[in-house]
Amino acid sequence: QVQLVESGGGLVQPGGSLRLSCAASGSIFSINTMRWYRQYPGKQRELVAAITSGHSTDYADSVKGRFTITRDNAVNTVYLQMNSLKPEDTAVYYCNADLRTSSIQLAEYRYWGQGTQVTVSS
């Protein structure tokens, strides 16, 4: 079994910062790309940032220059440092990971975390 557990969400004032973490655990052989998504009420999830196993990154235009995605492969964890937060960043944030659970499994499967609420408000 594989689990992804997010943490670090909460309430912050506009202009403030938060750091989200997402730790993957369980039967993991290798992890390829890890991502952060967010979801507004009644809307589909949208990609916020992604990072490959080689640490190449990509960001949504709305967060470029404010958010930074990093990962620590030694502990199977991805982070999202969010600075200069705006009220429109308020959403539930989810992480996912494309991973293999064994050396004989050739295909990668995508796993999701349960989400963490981020609220930006004064």
Side-chain angles (χ1 to χ4, degrees):
Q1 297 292 336
V2 174
Q3 274 192 314
L4 272 64
V5 179
E6 298 106 335
S7 60
L11 173 65
V12 63
Q13 292 187 341
S17 297
L18 280 176
R19 189 193 194 207
L20 305 183
S21 299
C22 171
S25 63
S27 179
I28 297 171
F29 174 72
S30 65
I31 303 178
N32 194 353
T33 302
M34 305 183 82
R35 306 172 187 85
W36 287 98
Y37 281 73
R38 63 187 178 190
Q39 188 170 26
Y40 301 109
K43 302 290 187 180
Q44 287 190 333
R45 293 180 190 181
E46 63 178 38
L47 180 64
V48 174
I51 185 167
T52 68
S53 58
H55 299 270
S56 295
T57 59
D58 193 23
Y59 296 92
D61 288 342
S62 59
V63 306
K64 281 181 181 176
R66 299 189 299 123
F67 291 10
T68 302
I69 187 170
T70 58
R71 65 190 283 173
D72 185 340
N73 292 333
V75 292
N76 293 334
T77 300
V78 62
Y79 306 95
L80 186 68
Q81 178 67 42
M82 304 186 294
N83 299 328
S84 303
L85 282 161
K86 305 175 182 179
E88 51 263 43
D89 294 318
T90 297
V92 178
Y93 284 71
Y94 298 88
C95 67
N96 75 26
D98 297 337
L99 60 88
R100 296 164 62 194
T101 58
S102 73
S103 60
I104 60 174
Q105 176 192 332
L106 299 181
E108 293 177 346
Y109 292 91
R110 184 164 297 175
Y111 293 82
W112 288 86
Q114 82 288 351
T116 185
Q117 176 71 46
V118 171
T119 302
V120 184
S121 175
S122 55

Give me the atom names and distance for the closest heavy-atom approach of [X] to [Y].
| X | Y | answer |
| --- | --- | --- |
| C95 | V78 | CB-CG1, 4.5 Å |
| L99 | Q105 | O-NE2, 3.8 Å |
| Q117 | T90 | NE2-CG2, 4.0 Å |
| G9 | V118 | CA-CG2, 4.2 Å |
| N76 | M34 | O-CE, 4.2 Å |
| A24 | I31 | CB-CD1, 4.1 Å |

Minimum side-chain heavy-atom gap [X]-[Y] below 4.5 Å:
| X | Y | result |
| --- | --- | --- |
| D89 | R66 | yes |
| S102 | S27 | no |
| W36 | V63 | no |
| V2 | I28 | yes |

> With a 3.5 Å cut-off and no angle check, do the side chains of R71 and T33 form a donor-acceptor pair?
Replying inline: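 Absent: no donor and acceptor within the cut-off.
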> More than 12 foreign heavy atoms under 6.0 Å from CD of E88: is that the case here?
Replying inline: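 Above 12, so yes.
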> Is the number of heavy atoms from other residues, nucleotides or ligands within 6.0 Å of CD (Q39) greater than 12?
Replying inline: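 Buried by this count: over 12 neighbours within 6.0 Å.
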>> Walk me through whether I104 and F29 qualify under side chain to side chain contact (heavy atoms under 4.5 Å, CB included).
In response: CA-CA 10 Å; I104 60 174; F29 174 72; over 6 Å; no
> Should side-chain heavy atoms under 4.5 Å link Ile, Leu, Val, Met, Phe, Trp and Tyr, which residues sit in the same cluster as Y94?
Replying inline: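 Under the 4.5 Å side-chain rule, Y94 groups with Y37, L47, V92, W112.
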> Rest of the hydrophobic cluster containing Y40 (Ile/Leu/Val/Met/Phe/Trp/Tyr, side-chain heavy atoms under 4.5 Å)?
Replying inline: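 Joined to Y40, directly or through intermediates: none.
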Answer yes if [X] and [Y] sit in the same cluster of Ile, Leu, Val, Met, Phe, Trp and Tyr residues linked by side chain heavy atoms under 4.5 Å apart, and no otherwise.
| X | Y | value |
| --- | --- | --- |
| Y111 | L80 | yes |
| Y79 | Y93 | no |
| L4 | Y109 | yes |

>> Please check this pair: side chain of T77 against backbone of V75, looking for a donor-acceptor N/O pair closer than 3.5 Å.
In response: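 Looks like yes, one N/O pair under 3.5 Å.
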>> Is it the case that the side chain of E6 and the backbone of G115 share a donor-acceptor pair, with hydrogens and angles ignored and the cut-off at 3.5 Å?
In response: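 Yes; at least one donor-acceptor contact below 3.5 Å.
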>> Return the SG to CD1 distance between C22 and I69, rounded to the nearest 0.5 Å.
In response: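 Taking SG in C22 and CD1 in I69, the distance rounds to 9.5 Å.
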>> Working to the nearest 0.5 angstrom, can you tell me the gap between S122 OG and L11 CG?
In response: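 Reported value, rounded in 0.5 Å steps: 9.5 Å.
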>> Quick check on side chain to side chain donor-acceptor pair (under 3.5 Å): which of E108, R110, R100 does N32 satisfy it with?
In response: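 Only one of E108, R110, R100 forms a side chain to side chain donor-acceptor pair (under 3.5 Å) with N32, namely E108.
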> Which of these passes side chain to side chain donor-acceptor pair (under 3.5 Å) with S62: K86, E46, R38?
Replying inline: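 Checked K86, E46, R38 against S62; only one passes side chain to side chain donor-acceptor pair (under 3.5 Å): R38.
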>> Show, in sequence, the C-alpha distance, side-chain angles and deciding distance for D61 and K64, and conclude whether the salt bridge (Lys or Arg N to Asp or Glu O under 4.0 Å) test is met.
In response: CA-CA 5 Å; D61 288 342; K64 281 181 181 176; 3.1 Å; yes
>> According to side-chain hydrogen bond (donor to acceptor under 3.5 Å, both in side chains), does anything in residues 9-21 pair up with another residue at least two apart or in another chain? List the pairs.
In response: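 As it turns out, the side-chain hydrogen bond (donor to acceptor under 3.5 Å, both in side chains) pairs with a partner in residues 9-21, which skip direct neighbours, are S17-N83.
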>> Checking R35 against D58 for the salt bridge (Lys or Arg N to Asp or Glu O under 4.0 Å) test, could you report, in this order, the C-alpha distance in whole Å, the side-chain angles of both residues, the deciding distance, and whether it holds?
In response: CA-CA 9 Å; R35 306 172 187 85; D58 193 23; over 6 Å; no
